[in-house]
Amino acid sequence: MKDCFSAIPVFVAVVECGSFSSAAIRLGMTKSAVSKRISALEDNLSVRLFNRTTRKLTLTEPGERFSDYARNALTLAEDGFSELSAYQGKPKGTLKINAPMTFSRLHLVPHIKEFLESYPDIHISLSMNDAIVDMIEGAFDVGIRIGELKNSSLIARKLSDCQSVLCASPSYIATNNKPLHPEELLKHNCIYYSLFQAGVEWTFYKNRKPFKVEPKGNFIVNNSDAIAEVLLQGLGIGQLPTFIVSDYLANGTLIPLLPEYTLPDHAIYAVYPERKHLPEKVRVFIEFIQKKLSTEY
């Protein structure tokens with residue numbers, strides 16, 4: 001029975017990841033080791049938990065019933081460990097973070113060394129990804145989200161405001177008419193961020209009146225750094241957070257457009273799965289990054 005208890009995290013990882021290989025990556029184990037642990041669990045319980053084929057891995061009916069209990073047991077155990085860490089007063093363990101690529105490069109990675117030196121018992125696993133990933137499926141402890149938040153079971157804590165600006169290079173403006181109204185953007189090559197959570201439209205406000213424009217252009221990309229790069233090359237007009245383009249605006253390599261119009265207010269959030277007790281490693285990381293952002297914005 002002892003082996004059964006120790007196999008629960010492996011079983012839950014396989015269920016959530018959908019394969020032995022993906023679960024092995026999450027757990028830092030070999031695929032064969034994961035397979036052996038599941039086989040041993042099935043032998044000890046005298047029941048088959050998974051149907052295995054060369055292409056697919058699915059839960060059996062007993063496996064489906066057992067998975068609910070296993071997940072609940074693992075969650076309770078994790079909550080217990082988190083509660084104990086508060087008494088220990090020393091955050092520790094692996095902290096799995098998911099954050100946008102450009103934001104990570106500019107505002108997380110530069111501070112990683114200081115954070116790890118402040119909390120030597122914490123190890124960081126950072127996944128830089130502009131796409132919105134499933135926090136539960138990826139087993140992430142905390143994520144960074146920018147802009148509108150979709151409804152979910154995640155807890156969100158605001159870290160900072162996030163201002164955006166419409167901009168282009170002087171070379172682009174020199175060869176194209178400078179837009180004076182949002183509707184004139186329809187005549188321009190607008191560079192669009194394909195993962196924009198607010199939808200396909202750009203919204204501008206003047207005297208509280210909204211003006212919506214659906215940008216059209218010859219380049220759509222899922223990375224903000226790439227947009228900034230082609231804007232600097234003079235390809236077109238783009239809308240980017242000021243934390244990405246502030247230096248370019250300061251030195252004049254990009255210039256703001258439609259300054260009499262305002263863009264929607266956004267924010268930077270830390271999100272994490274709902275738990276009764278927030279793990280200390282998550283709490284100290286959120287507080288650390290929030291302090292850093294308060295000095296940078």
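FYI, the numbering just counts along the sequence from 1. Given the structure is predicted, the values throughout are model-derived calculations rather than measurements.
Taking CZ from F50 and NZ from K56, the interatomic distance works out to 13.5 Å, rounded to the nearest 0.5 Å. Here the straight-line distance linking atom CZ of R208 with atom OG1 of T262 works out to 10.5 Å at 0.5 Å rounding. From S104, atom OG reaches atom CG of N98 across 8.0 Å, with rounding to the nearest 0.5 Å. In this structure, I112 CD1 and F288 CZ are separated by 7.5 Å, a value rounded to the nearest 0.5 Å. Between the CG atom of L293 and the CD1 atom of I268 there is a distance of 5.5 Å, given to the nearest 0.5 Å. Residue I146 holds its CD1 atom at 9.0 Å from OG of S164, rounded to the nearest 0.5 Å.
Taking the six-membered ring for Trp and the full ring otherwise, F66 and F11 have centroids separated by under 6.0 Å. Remark: aromatic rings of F115 and H111 are distant, center separation not under 6.0 Å.
Put simply, L116 and V142 are part of the same group of oily side chains (I, L, V, M, F, W, Y) that touch within less than 4.5 Å, one to the next. Note on V109: it clusters hydrophobically with I289, by side-chain heavy-atom contacts below 4.5 Å among ILVMFWY residues. Tracing side-chain contacts under 4.5 Å through hydrophobic residues (I, L, V, M, F, W, Y), one never reaches Y205 starting from V213; they form parts of separate clusters. Grouping the Ile, Leu, Val, Met, Phe, Trp and Tyr side chains by contacts below 4.5 angstrom, directly or via other members, places F140 apart from I25.
Using cut-offs of 30° and 60° on the angle between ring planes, the pair H107 and F243 is perpendicular. Classification of the F204-W202 ring pair by plane angle, with boundaries at 30° and 60°, yields perpendicular.
At distances below 3.5 Å, at least one donor-acceptor pair connects side-chain atoms of T60 with backbone N or O atoms of R48. With hydrogens and angles ignored, the 3.5 Å screen pairs a side-chain donor or acceptor of K281 with a backbone N or O of T94. With hydrogens and angles disregarded, no donor-acceptor distance shorter than 3.5 Å links the side chain of R283 to the backbone of P91. Side chain of Q290 to backbone of K158: a donor-acceptor contact under 3.5 angstrom is found. When atom types are taken as modelled, the side chain of E42 and the backbone of L49 share a donor-acceptor pair closer than 3.5 angstrom. Side-chain N or O atoms of T75 include one that pairs as donor or acceptor with a backbone N or O of R71 at under 3.5 Å. Panel note: side chain D141, backbone K96; a donor-acceptor pair is recorded below 3.5 Å.
Nearest heavy-atom pair across C17 and A23 is CB-N, 3.8 Å. Nearest heavy-atom pair, L108 versus I144, reported as atom, atom and distance to 0.1 Å: CD1-CG1, 4.4 Å. Considering all non-hydrogen atoms of both residues, P170 and I255 come closest at CG-CG2, 4.2 Å. Of all the heavy atoms in M29 and V10, the pair that sits closest is SD-CG2, 4.3 Å. In terms of heavy atoms, R26 sits closest to A13 at NH1-CA, 3.9 Å. The two residues G18 and L57 make their nearest non-hydrogen contact at O-CB, 3.9 Å.
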**Request:** Begin from the C-alpha positions of L185 and L258 and carry the test side chain to side chain contact (heavy atoms under 4.5 Å, CB included) through to its verdict.
**Result:** CA-CA 10 Å; L185 292 173; L258 301 178; 4.3 Å; yes

**Request:** Show the numbers, then the answer: is there a side chain to side chain contact (heavy atoms under 4.5 Å, CB included) between D265 and D161?
**Result:** CA-CA 8 Å; D265 293 329; D161 292 322; over 6 Å; no

**Asked** Could you go step by step and tell me if S67 and L59 meet the side chain to side chain contact (heavy atoms under 4.5 Å, CB included) rule?
**Response** CA-CA 9 Å; S67 67; L59 284 167; 4.2 Å; yes

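Taking the side chain as every heavy atom from C-beta outward, L240 and L254 never approach each other to under 4.5 Å. Within the 4.5 Å cutoff, the side chain of I237 has no heavy atoms near those of the N176 side chain. Inter-residue side-chain proximity for Y272 and I286 is flagged as met; some heavy-atom pair is nearer than 4.5 Å. In this structure the side chain of L231 never reaches within 4.5 angstrom of the side chain of V245, judged on heavy atoms. Counting heavy atoms from C-beta outward, F20 and V14 have side chains that approach closer than 4.5 Å. A heavy-atom distance below 4.5 Å is found between the side chains of I38 and R52. Within the 4.5 Å cutoff, no side-chain heavy atoms of L278 are placed close to those of I155. Contact annotation: the side chain of S6 approaches that of R37 to within less than 4.5 Å [non-hydrogen atoms, C-beta and beyond].
Under the side chain to side chain donor-acceptor pair (under 3.5 Å) criterion, T253 pairs with N251, not counting sequence neighbours. Evaluation of the ring pair (Phe, Tyr, Trp, His ring centres under 6.0 Å) rule for F211 yields H181, Y261 as partners, not counting sequence neighbours.
Classification of E184 and K187 as a salt-bridged pair fails, no side-chain N sitting under 4.0 Å from a carboxylate O. Between R65 and E61, no side-chain nitrogen of the basic residue sits less than 4.0 Å from a carboxylate oxygen of the acidic one, so the salt-bridge criterion is not met. Looking at K291 and E114, no side-chain N of the basic residue comes within less than 4.0 Å of a carboxylate O on the acidic one, giving no salt bridge.
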Review item, side-chain donor-acceptor pairs of residues 214-228, under 3.5 Å, at least two apart:
from : atom 1 : to   : atom 2 : distance (Å)
E214 : OE2    : K216 : NZ     : 3.4
N218 : OD1    : N189 : ND2    : 2.9
N223 : OD1    : D225 : N      : 3.0
N223 : OD1    : A226 : N      : 3.1
N223 : ND2    : D130 : OD2    : 3.0
D225 : OD1    : R105 : NH2    : 2.7
D225 : OD2    : T102 : OG1    : 3.3
D225 : OD2    : R105 : NE     : 3.0
D225 : OD2    : R105 : NH2    : 3.2

